[in-house]
Amino acid sequence: MSAYTRQAMALLFDRTAKTYDALGVDFFGAFAKELLDRVGLVPGQRVLDVGCGRGAVLFPAAERVGSGGSVLGIDLSSAMVERTTKDIEDRRLANASVSLMDAQEPTLTDADFDVVLASFVVFFLPDPVAGLRSWHRLLKAGGRMGVTTFGGDDPRWAGVREVFKPFVSPELAWTLAVRAGLFATVEGFDQVVESAGFTGVTSVERVYPVKFADPSRWITWSWSHGQRMFWELVPEDRLDTVRRAVLAELEPLREPDGSVVLAQTVRYTIAHRG
Ligand SMILES: C[S@@+](CC[C@H](N)C(=O)[O-])C[C@H]1O[C@@H](n2cnc3c(N)ncnc32)[C@H](O)[C@@H]1O
């Protein structure tokens, strides 16, 4: 991924910020909670939340570390940073703050954090190993990192993914790589994390049912986060056709109450700085 696409990524997330994680679908928040449980956050810790977005991890982390601890969120999308900063101010939180900063090369003091968290971010980096190495450097000795990534796709939804494939040019093939390459298997990703200097790396995958009241709700939701990228690859004059093709793929998946359910696999990786 080039520097341009890193900037393009920030602009993509700028366009999602208004409705990101705000459409009543239980998604990022549920995974954030489990990440905090698994990393074992306790009061008094100093935490870095890499790619904090709209604060799915940052706000519950600030609550858990309490007034004796603190959470710094960093993100490359200025809209994410502005909106999350406003939420911190509205909630009068003294132990949380957000900065505009690249996750791959954060300009922060070494060995300053007890815990580094990165929920659904590492696969967006041009060089994920470089990012992991910097996060390792930012941890105090004995500190912990908790990362979430996506596991395998729901096979029942394969037809929906196929609808978008013709619009993904070879130069943009990396956009499909969040579940491939370095991230393809639990074992492979654990080795990648070890290669960045971490010890005691363990990953587990969990599958969650994510419910959408009807197929068109999924479409609206998919514009509100990283998946928006695929809609934006579709030329304007083909959008209606693609939308209809997605609805046709989802129609047979409807439950008796009209909803559609996505089986989302999430991988939690916990690692240590020795
Ligand atoms: C899928 S969202 C996850 C947000 C949040 N962690 C959550 O769980 O809801 C990915 C976030 O990473 C940010 N991001 C992507 N590339 C980045 C980079 N190079 N540096 C910092 N943030 C980045 C995006 O702007 C976006 O807010």
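Values below: every heavy atom of this structure, side chains too, minus hydrogens, waters and symmetry copies. Whatever order the structure lists them in is the order used to number ligands and atoms, beginning at 1.
With sequence neighbours excluded, no residue forms a side-chain hydrogen bond (donor to acceptor under 3.5 Å, both in side chains) with Arg217. Every ring-ring contact (aromatic ring centres under 6.0 Å, His included) that Phe189 has, sequence neighbours left out, goes to Phe183.
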Does ligand 1 have any N/O pairs with the protein under 3.5 Å, and how far apart?
residue, atom, partner, partner atom, Å
ligand 1, 6 (N), Gly51, O, 2.8
ligand 1, 6 (N), Ser119, O, 2.9
ligand 1, 9 (O), Tyr20, OH, 2.9
ligand 1, 19 (N), Asp102, OD1, 3.2
ligand 1, 20 (N), Ala103, N, 2.8
ligand 1, 22 (N), Leu76, N, 3.2
ligand 1, 25 (O), Asp75, OD1, 2.6
ligand 1, 27 (O), Asp75, OD1, 3.4
ligand 1, 27 (O), Asp75, OD2, 2.6

Chi angles and distances behind the salt bridge (Lys or Arg N to Asp or Glu O under 4.0 Å) call for Arg91, Asp87: CA-CA 6 Å; Arg91 296 183 195 197; Asp87 285 351; 5.1 Å; no
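Side-chain contact, Ser70 with Arg46: a donor N or O sits under 3.5 Å from an acceptor N or O.
The salt bridge (Lys or Arg N to Asp or Glu O under 4.0 Å) analysis of residues 130-146, with sequence neighbours excluded, yields the pairs Asp110-Arg137, Asp114-Lys140.
Ring geometry for Trp221 against Phe212 counts as tilted: the plane angle lies between 30° and 60°, on a 0 to 90° scale.
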